2 protein chains.
Amino acid sequence: MSDSPPIDRPQTPSRAPHSAAFSPLYQQIKGLILQGLDRGEWKPGESIPSELELAARFQVSQGTVRKAIDELAAENLLIRRQGKGTFVATHNEAKVRYRFLRLAPDDGRTGVSSSQILDCRRAKASAEIAAALDLRAGDAVVNMRRVLSFDDVPTILDDIWLPGSIFKGLTLESLLRYRGPVYALFETEFGVSMVRAEEKLRAVAATDVQAELLRIPPGSPLLQVERIAYTYGDRPMELRRGHYVTERYHYRNSLN
Amino acid sequence: MSDSPPIDRPQTPSRAPHSAAFSPLYQQIKGLILQGLDRGEWKPGESIPSELELAARFQVSQGTVRKAIDELAAENLLIRRQGKGTFVATHNEAKVRYRFLRLAPDDGRTGVSSSQILDCRRAKASAEIAAALDLRAGDAVVNMRRVLSFDDVPTILDDIWLPGSIFKGLTLESLLRYRGPVYALFETEFGVSMVRAEEKLRAVAATDVQAELLRIPPGSPLLQVERIAYTYGDRPMELRRGHYVTERYHYRNSLN
DNA sequence: CAGTGGTCTAGACCACGTG
DNA sequence: ACGTGGTCTAGACCACTGC
């Protein structure tokens, strides 16, 4: 990364005053760093160049780079570590393994969790799924189903859809072989970093199939969590419908 | 506000290096501004002094004040408006009226909403409620119940508990007279600003009473939302248990 | 035009992690 | 000792608002 291709920035600020397309310098720098992340110039877990290096490369002051990185760190795309550097966020570290999992036990104790893959197959996207993943109806998707257990109690039934063109090599066998969060697998095997997600929550009654898989009476209340997860550039990369048993666990959320 | 009591800050930085109680200057400034908000020195909706004024008062540079305000703005306690000033956040503005309401219609259309107060009485706190509100069991609380309807469809049944010592004058009559969000009422009538909240979500089956009030079949799935709302200084000021009908509405959430 | 927050710079010093 | 990010300052100029 020691090559320093200076960005195309004229001596006069690269914007016309009063222009509609006006954008502060640090936002432009933020965009350039984002592009680097998207291109995979720096992989999850790795460090990006130091602030001074980036400032030199982009021909701006350290303060401007800092403000760009500040925002990316606030969005959890980067992680600053004083004395060490700035690192690309990853789902591969113990500390942030449950970054997107909001289910917490009612009492404090945190038990062992395990995942059981029930199915993984290729299919054609329905209109609904295509819309969520920004595909066309009939496009290839990967469809998997699994059950997460906490303390050996089945608690979450997940149905997951992924764009087939990107997750080509994802098979039942590779999933069975893998231990750990699927988002970590997506990062290392497919170069897809999940960066942000939107969820829609509902209370529903368990169907017979759901009830059997979760070992609860049919019709029991379940928390349905529909998630669309995005990678860099707000590109949707996963649709997930989860059904949570909330007898001894709850979905926690903070409002500001 | 033109009096400028300079804060007690020695010429040498008010901290010993390597000290355990070390805190950056801007954090100290942030704390001082927070105290001002808590004391009611600036009321919700009003503007606080300009950055230069605060810098002069606290004997620090504008940049340091700016960083303190940046954080308070990121936490939604303050709102910056270029060219106008920095304002104390409020629940009284149309724009942020539903700051803490995460229920959204499945389709885009947003209908009229109305609130029906069912009850409001004084009571003694149970152990559970006392714990949530940082009170002692048996302490006075105000207990109210209401139904929120969207497009004339009953959708949310709320049970609310408030510390009785602070919400003394809150009666059924005053609630019936008032139009608008209760958090706005709390601000203007009781000087209590809700600043942050924690929620725990579950799926439950509707009890007979809930079913009747929400005009749904008994046993229907309901989204239970338990909220503790905090004012400045993380002091809990409200416990609320909501039951949401999620047939045509969903609880939306963003993960980063 | 004056006052506010927003951007950008340059430089000094501190705290942390590693060698 | 060195390099990293973290804090703090001072000053210039820009953009937005309201008089």
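Note that the structure is a prediction, hence the values are computed from the model and not measured. Every chain is numbered from 1, with letters handed out A, B, ... down the list of sequences. Only heavy atoms go into these numbers, but all of them, side chains included; no hydrogens, no water, no symmetry mates.
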I'd like to check the side-chain hydrogen bond (donor to acceptor under 3.5 Å, both in side chains) partners of A:R252; sequence neighbours left out, ordered by chain and number.
none
Please enumerate all residues that pass side-chain hydrogen bond (donor to acceptor under 3.5 Å, both in side chains) together with A:D70, with sequence neighbours excluded.
A:R80
Distance check needed: [N] [atom2] versus [X] [atom1], whole Å only.
X	N	atom1	atom2	answer
A:Y26	C:dC8	OH	C1'	11 Å
A:F58	C:dT9	CZ	C1'	18 Å
B:I29	D:dT9	CD1	P	8 Å
B:I69	D:dT7	CD1	C1'	17 Å
A:D70	D:dG6	CG	P	8 Å
B:L52	C:dG6	CG	P	13 Å
B:L25	C:dA15	CG	P	12 Å
B:K67	C:dG6	NZ	P	16 Å

For [X], which residues count as a side chain to side chain contact (heavy atoms under 4.5 Å, CB included) partner, sequence neighbours excluded?
X	value
A:A55	A:V65
B:R39	B:Q35, B:E41
B:L176	B:I117, B:L172

Applying salt bridge (Lys or Arg N to Asp or Glu O under 4.0 Å) to B:K30 and not counting sequence neighbours gives B:E71, B:E75
Using OP1 and OP2 only, check whether a side-chain N or O of A:T64 sits under 4.0 Å from C:dT9.
yes
Of residues 73-89 of chain B, the positions that come close to DNA chain C - non-hydrogen atoms, cut-off under 4.0 Å:
B:R80, B:R81, B:Q82, B:G83, B:G85, B:T86
For C:dG5, does the base pair up with any side-chain atom of B:R66 as donor and acceptor (N or O, under 3.5 Å, distance only)?
no
Tell me, please, which residues at least two apart from B:F150 pass ring pair (Phe, Tyr, Trp, His ring centres under 6.0 Å).
B:Y249
Listing time: all N or O pairs from protein to nucleotides 10-13 of chain C that are below 3.5 Å?
none

Any carboxylate oxygen within less than 4.0 angstrom of a Lys/Arg side-chain nitrogen, looking at B:D106 and A:K200?
no
Salt bridge between B:E226 and B:R241, side-chain N to carboxylate O under 4.0 Å?
yes
Between C:dC8, D:dT7, D:dG5, which nucleotide gets closest to the side-chain atoms of B:P24?
D:dT7
